[in-house]
Structure formats: structure tokens, C-alpha cells
Amino acid sequence: MGAIKPFTFHRPSLAESYCESLGGHGLADSRSGLFLAAPRRTGKSTFLREDMLPAMQKRGWTTIYVDLWADKSKDPALLITSAVKAKIGTFAGVITKMAKSAGLEKVNVFGALSLNLDSLELPTGLTLADALEALVEAGKAPVAIVIDEAQHALSTQAGVDAMFALKAARDHLNQGSGQQGLFIVLTGSNRDKLAHLVLKRSQPFFGSQVTRFPLLTKDFTDAYTDFVNPLLANDNQFRHEDMFEAFKLVGHRPEMLRSIVGEIALDAGADHLGEALKNGAEEIKERMWGAMESEFAGLPDIQRAVLETIINQGKNYVPFSEASMRAYANLMQQEKVSVPSVQAALDTLREKGLVWRAAYGDYALEDESLASWYKSKTQGSA
């Protein structure tokens with residue numbers, strides 16, 4: 001008997017619909033950029049690698065994929081330029097030929113790139129827009145850049161600048177000819193964070209919309225159940241409904257569902273699989289929410305008040321607005337709180353990994369699941 005192939009689940013129709021919208025041909029027009037938000041570990045990155053990039057390549061687009069969480073020790077701007085340079089490196093021979101035959105206005109770009117292909121950074125004086133335009137010309141095809149966890153770019157000024165450079169490249173490469181030269185897909189694990197790219201005039205993609213990436217549904221768990229059951233005894237099988245219920249309990253996270261099923265499968269004496277599945281999912285959920293409960297309860301009053309206000313106000317949160325300052329005071333049952341105490345609380349919450357701050361001062365939750373726990377807690381107590 002050969003080795004069992006790993007389970008894979010594809011969503012080709014979703015990938016095609018996104019590609020259509022990027023070209024302005026679908027019901028949704030995403031020519032200005034496609035911004036997708038979904039909670040962490042719900043299958044977004046797998047979809048990008050397994051479905052979205054292949055769909056783009058099938059259309060003949062030159063694709064670049066960057067995960068800004070891959071190495072958090074590096075500035076996001078460097079990760080983006082490194083990925084662009086790596087892709088340009090696959091056209092090294094073409095770039096060198098273009099450098100020799102380029103006109104005066106292009107020789108500086110192609111010549112500098114051809115001499116600099118081994119470096120991760122762009123040559124001095126060349127912009128990200130220059131590099132992307134060179135890549136379009138070298139590949140004789142549109143470029144599609146997919147940046148996962150794109151909100152992390154806003155954590156540094158260089159990252160913010162890279163986002164503006166992408167917008168400038170999009171505007172330059174997509175104007176005039178009627179044919180797009182650059183497609184942009186930016187994804188994030190927190191809708192409020194990703195919104196910091198599009199909400200204000202001062203933000204790089206102002207006017208664009210953040211779209212909620214659809215969670216995996218019963219189609220996924222049905223396919224997974226059909227994959228697992230042949231590996232079990234004929235009289236001890238998972239039911240499709242039980243698998244889906246467990247999946248919902250763990251927040252539609254495939255990795256967690258596989259972990260529970262794996263533990264059950266290793267228990268040779270396991271029966272009543274549906275009940276075991278539900279118990280395992282409940283245990284994981286309670287463990288996750290218990291950790292949040294403990295961390296939340298251990299916060300000083302001012303930090304807890306700030307965190308609650310961020311959750312309650314969502315993307316409309318402004319740390320020192322009159323409404324926010326009043327909310328802190330009400331939650332602490334005080335007449336008022338000081339601006340320095342709020343700032344200190346925000347700084348500490350960032351150090352604890354509970355709050356995220358953009359380079360230009362906006363704040364959001366680091367992990368959206370904290371809001372889910374909090375809302376469940378407050379609704380339950382109500």
C-alpha cells in the first residue's frame with residue numbers, strides 16, 4: 001500500500017472570480033486592488049498559494065507572493081522589494097539584453113538592475129515602481145503581486161512608503177493603454193487593521209474596499225470527512241454533520257480540526273466519534289477562551305478599559321477622542337482619565353501583543369478572536 005497523500009481542498013471558482021474582479025470584469029470591480037480579510041489560520045494563505053496564484057499564472061500573469069509574517073525581524077519594505085527582486089532575477093538574461101538595447105530613458109533602470117540582481121535591495125535611485133515596470137516589460141505580461149498579512153507593512157515608515165510605491169506603480173502601469181500592467185492583492189488577518197490602508201485620504205489605497213474572505217464551509221468538512229472515513233473501521237465512521245459542527249466550534253480553522261481528528265484516530269478504543277469530535281472541539285475552544293479570560297482579568301483597570309474601548313469602537317477607534325476618553329472613565333467608574341495614562345496603557349498593551357499600532361498612530365486589536373471572546377462574554381453576562 002502506497003503512502004497516503006495529504007488532504008487538499010481547492011476553491012478554483014473563488015480564485016477565478018477574484019481574478020475576474022481584478023480585471024474589472026466581475027460583479028465586483030477590484031482594479032484598484034483586492035483587499036481580503038479573514039481571521040488567522042482559517043485557510044486564507046493556503047488558498048492564496050494553492051488556488052489564487054495558480055489561477056493567475058494560468059492567465060499568463062507574472063506572480064509575486066510575499067508573506068510579511070514570514071520574517072518579522074525584517075522591515076516589511078525589505079521583504080516586498082526582496083520578493084520583487086527575486087522575481088526579476090528569474091528574467092536575468094532578458095534584463096541584461098534589455099539593458100544593452102534600451103533607449104536612453106530606460107538604460108539607467110535596466111542597466112542598474114542587471115548589475116544589481118544578486119542584491120536583495122533595489123539599486124540606489126530606483127523605485128519599486130521602476131522595478132515593477134521593468135518586470136512587466138521583461139515578462140511581456142502583467143504582474144500580479146500578492147501580499148499576505150499586508151497590514152504589517154504599516155508598522156514601519158518604510159513599509160508605509162512601500163505601500164504608496166505600490167499605488168504609484170499601479171497608477172502608472174494601469175493608465176493609458178486600457179490594459180492593466182499591475183494587479184494588487186493585499187490580505188490580512190484583521191479587518192480593522194487592513195482598513196488602515198483604505199479608510200483615510202492620507203492612506204495609500206484610499207477609496208478601496210476591504211472584502212471579507214469567505215470562511216471554509218460544509219463543502220470543506222464534507223470532503224475532509226470523505227477523506228478520513230476510508231482510513232477508519234467500516235462500523236466506526238465520522239458523520240458529515242458532526243464534522244461541520246466541530247469545525248464551527250474551532251472557528252472554521254482547518255488545522256485545529258485536523259488536530260482533533262488525529263488525536264481521536266490515535267485512540268484505538270475510540271467510539272461514538274461524533275461525541276468525541278464535539279468534546280475535542282469544545283476543549284480547544286474553552287482552552288483558547290480561558291487563556292483570553294485569564295489574560296484579560298489580569299490587566300490593570302486602565303489597560304482593560306482601553307482594550308474594551310478598542311473592541312467596542314472597532315475601526316472607528318480614536319485613542320484620545322472625547323468619546324474614547326469618556327468611555328475609559330465610565331468603564332473605570334471614574335470622573336476622568338489622563339492622556340498620559342491612556343498612552344502608557346496603549347504602549348503596554350502593544351508590548352503584551354494585544355494591540356497593534358500603525359506607523360501613523362492608529363490602533364487596532366492584534367488578534368480579532370479576542371473581540372469574539374469578549375462579545376460572547378458580555379452577551380452571556382447580559
Residues which pass ring-ring contact (aromatic ring centres under 6.0 Å, His included) with Y224, listed by chain and number, not counting sequence neighbours: F7

Contacts of R326 meeting salt bridge (Lys or Arg N to Asp or Glu O under 4.0 Å) (sequence neighbours excluded), chain-then-number -> E322

Pairs flagged by side chain to side chain donor-acceptor pair (under 3.5 Å) wherever residues 249-265 is involved - sequence neighbours left out: R41-E255

Go through the structure and list residues passing salt bridge (Lys or Arg N to Asp or Glu O under 4.0 Å) with D301, not counting sequence neighbours. R304

L331: which residues meet the side chain to side chain contact (heavy atoms under 4.5 Å, CB included) condition with it, sequence neighbours left out? A305, E308, T309

Enumerate donor-acceptor pairs with a distance under 3.5 Å from any side-chain N or O in residues 283-295 to protein atoms, sequence neighbours excluded.
| from | atom 1 | to | atom 2 | distance (Å) |
| --- | --- | --- | --- | --- |
| E283 | OE2 | R287 | NH1 | 3.3 |

Hits for salt bridge (Lys or Arg N to Asp or Glu O under 4.0 Å) against D161, two or more places apart or cross-chain, chain-then-number order -> none

Which residues share a ring-ring contact (aromatic ring centres under 6.0 Å, His included) with F244, sequence neighbours left out: none

Who pairs with S372 by side chain to side chain contact (heavy atoms under 4.5 Å, CB included), at least two apart in sequence or on another chain? none

Name all residues meeting the side chain to side chain contact (heavy atoms under 4.5 Å, CB included) criterion together with A70; count only those two or more places apart in sequence or in a different chain, and write none if there are none. D67

Any chance you could pull the hydrophobic cluster mates of W61, using side-chain heavy atoms under 4.5 angstrom and chaining through other members? L14, Y18, L22, L34, L36, F47, L48, M52, L53, M56, Y65, V146, F183, V185, F213

What donor-acceptor contacts under 3.5 angstrom involve side-chain atoms of residues 348-355, with partners at least two apart or in another chain?
| from | atom 1 | to | atom 2 | distance (Å) |
| --- | --- | --- | --- | --- |
| T348 | OG1 | A344 | O | 3.0 |
| K352 | NZ | Q303 | OE1 | 2.9 |

